[in-house]
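Single-structure report; data block below.
Here the structure is a predicted model, which means the values were calculated and not measured. The first residue in the sequence is number 1, and the count goes up from there.
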Amino acid sequence: MKVVILAGGYGTRISEESHLRPKPMIEIGGKPILWHIMKYYSTFGHNEFIICCGYKQHIIKEWFANYYLHNSDITFDFTADNKMIVHNNVAEPWKVTLVDTGLHTMTGGRIKRVKEYVGDEPFMLTYGDGVANVDLDRLLDFHKKQGGIATITAVNIGQQFGILEINDSSGAVENFREKNDTDGGMINAGFMVANTEIFDYLEGDETVFERQPLESLAKEGQLMAYKHEGFWKCMDTKRDREMLEQMIEMGNAPWIIW
């Protein structure tokens, strides 16, 4: 199953880092958070990725183009042989498609732009700035059993994200709305699964995936929520990055299961 990762935003809340590189390329534990996300999916057997690039997209492309240089020992022989020798060749079983989805395109528009690469099968979808220990096998099984067009992973955390009102018996999302000061409900943590019908809800570059598309699906009973009670963290600020770094240094990073 293909995995679509949204990696094209500006990352303005972590501008100390994102003015130099895209937010998904900000490193934790010596590797871009994008790599951590891909590595996590890979441990569940999902090795084909479609990256929705935008802001400073060339940096993401160059990093993957030089993946061997970043992850292997190299000997540069400047003698008459004039050759490069790659030692302990590190290769992931990945197929990575990097798509320039535009500088100012909204999230829904970015997904719409990669439709031709997704094909005719359901796909996984997540954001390029969040890590978790979501059981992807159970998530996929839930999506298939519930039969909705899309399934999102819901976590219970008080932050500035859209609120989900979930039917406890069916798992259906009954409403998807903006947070207000009295809320402490479930929020969309990414780690989604979608059928190709989702593209019918995406109009163009101005479409914000988290608004009209998800709101419409919720009203139609086609948006399901897989409740995750484990670890989830979005790297939204410098403080978030420092927290993730500390977890890795202490050997207590729940998403590192490889």
[atom1] of [X]: more than 12 outside heavy atoms within 6.0 angstrom?
| X | atom1 | answer |
| --- | --- | --- |
| Glu197 | CD | yes |
| Glu203 | CD | no |
| Lys227 | NZ | yes |

Separation between [atom1] of [X] and [atom2] of [Y], rounded to the nearest 0.5 Å:
| X | Y | atom1 | atom2 | answer |
| --- | --- | --- | --- | --- |
| Met235 | Ile37 | CE | CD1 | 8.5 Å |
| Ile187 | Trp232 | CD1 | CH2 | 4.0 Å |
| Ile28 | Ile33 | CD1 | CD1 | 4.5 Å |
| Asn195 | Thr151 | CG | OG1 | 8.0 Å |
| Tyr226 | Leu136 | OH | CG | 8.5 Å |
| Lys144 | Leu139 | NZ | CG | 11.0 Å |

Between [X] and [Y], is there a donor-acceptor pair closer than 3.5 Å when you use the side chain of the first and the backbone of the second?
| X | Y | value |
| --- | --- | --- |
| Glu245 | Gly29 | yes |
| Thr153 | Phe191 | yes |
| Asn188 | Gly190 | yes |
| Gln146 | Ser170 | yes |
| Glu48 | Lys95 | no |
| Asn133 | Phe231 | yes |
| Thr207 | Gly204 | yes |

Return the minimal non-hydrogen interatomic distance between [X] and [Y], and the atom names on each side.
| X | Y | answer |
| --- | --- | --- |
| His36 | Ile248 | CE1-CD1, 4.0 Å |
| Leu69 | Met84 | CD2-SD, 4.0 Å |
| Asp240 | Cys234 | OD2-O, 3.3 Å |
| Pro32 | Pro24 | CB-O, 3.6 Å |
| Leu202 | Gly108 | CD1-O, 3.7 Å |
| Ala218 | Leu223 | N-CB, 3.8 Å |

task: Test Arg21 against Ile26 for side-chain contact (heavy atoms from CB on, under 4.5 Å), laying out the working first.
output: CA-CA 7 Å; Arg21 51 189 166 177; Ile26 296 173; 4.3 Å; yes
Using side-chain heavy atoms (C-beta onward) and a distance below 4.5 Å, is [X] in contact with [Y]?
| X | Y | answer |
| --- | --- | --- |
| Glu62 | His58 | yes |
| Val193 | Leu125 | no |
| Val118 | Ile50 | yes |
| Tyr41 | Met124 | yes |
| Val173 | Met224 | no |
| Met25 | Leu34 | yes |
| Tyr117 | Val99 | yes |

Polar side chain donor-acceptor pair, [X] to [Y], under 3.5 angstrom:
| X | Y | result |
| --- | --- | --- |
| Asp120 | Thr196 | no |
| Tyr67 | Glu92 | yes |
| Tyr40 | His46 | no |
| His87 | Thr75 | yes |

field: Derivation and outcome, side-chain contact (heavy atoms from CB on, under 4.5 Å), residues Met1 and Glu121
entry: CA-CA 8 Å; Met1 179 176 280; Glu121 299 179 352; over 6 Å; no
field: Residue of the set Ile51, Asn66, Leu98, Val96 for which side-chain contact (heavy atoms from CB on, under 4.5 Å) holds with Lys61
entry: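 Among the candidates, only Leu98 passes.
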- request: Examine Phe123 together with Phe199 and report whether their ring centres are nearer than 6.0 Å.
  value: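 Distance test on ring centres: under 6.0 Å, yes.
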message: Regarding Asp236 and Lys23, does a basic nitrogen lie under 4.0 Å from an acidic carboxylate oxygen?
response: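 Looking at Lys23 together with Asp236, the answer is yes, because their closest N to O distance falls below 4.0 Å.
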message: Any salt bridge linking Arg113 with Asp205? Criterion: basic side-chain nitrogen under 4.0 Å from a carboxylate oxygen.
response: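 Yes, this pair counts.
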- prompt: When Thr107 is tested against each of Lys112, Arg211, Glu210 for side chain to side chain donor-acceptor pair (under 3.5 Å), which residue passes?
  reply: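 For Thr107, the side chain to side chain donor-acceptor pair (under 3.5 Å) check succeeds only for Glu210.
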- prompt: Between Phe209 and Met192, does a side-chain contact (heavy atoms from CB on, under 4.5 Å) hold up when you go through it step by step?
  reply: CA-CA 12 Å; Phe209 183 66; Met192 299 170 270; 3.8 Å; yes
message: Applying a strict under-4.5 Å side-chain criterion to I, L, V, M, F, W and Y, I'd like to know whether Ile257 and Met250 cluster together.
response: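 No; Met250 is not reachable from Ile257 via cluster members.
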field: Worked check of side-chain contact (heavy atoms from CB on, under 4.5 Å) between Asn71 and Lys31
entry: CA-CA 10 Å; Asn71 294 281; Lys31 291 283 197 304; 3.0 Å; yes
message: Set out, in order, the CA-CA distance, both residues' side-chain angles and the distance that settles side chain to side chain donor-acceptor pair (under 3.5 Å) for His228 and Asp135, then state yes or no.
response: CA-CA 8 Å; His228 174 59; Asp135 188 325; over 6 Å; no
query: Where do Thr101 and Arg110 land on the side chain to side chain donor-acceptor pair (under 3.5 Å) test, with the steps shown first?
result: CA-CA 5 Å; Thr101 56; Arg110 294 190 190 282; 2.8 Å; yes
message: Please evaluate residues Trp35 and Trp255 with respect to the criterion ring pair (Phe, Tyr, Trp, His ring centres under 6.0 Å), reporting the C-alpha separation (whole Å), side-chain torsions for both, the decisive distance (0.1 Å), and the verdict.
response: CA-CA 12 Å; Trp35 179 91; Trp255 71 93; over 10 Å; no
- prompt: Would Glu220 and Tyr201 satisfy side chain to side chain donor-acceptor pair (under 3.5 Å), going step by step from the backbone distance to the final call?
  reply: CA-CA 12 Å; Glu220 296 172 13; Tyr201 294 78; 2.5 Å; yes
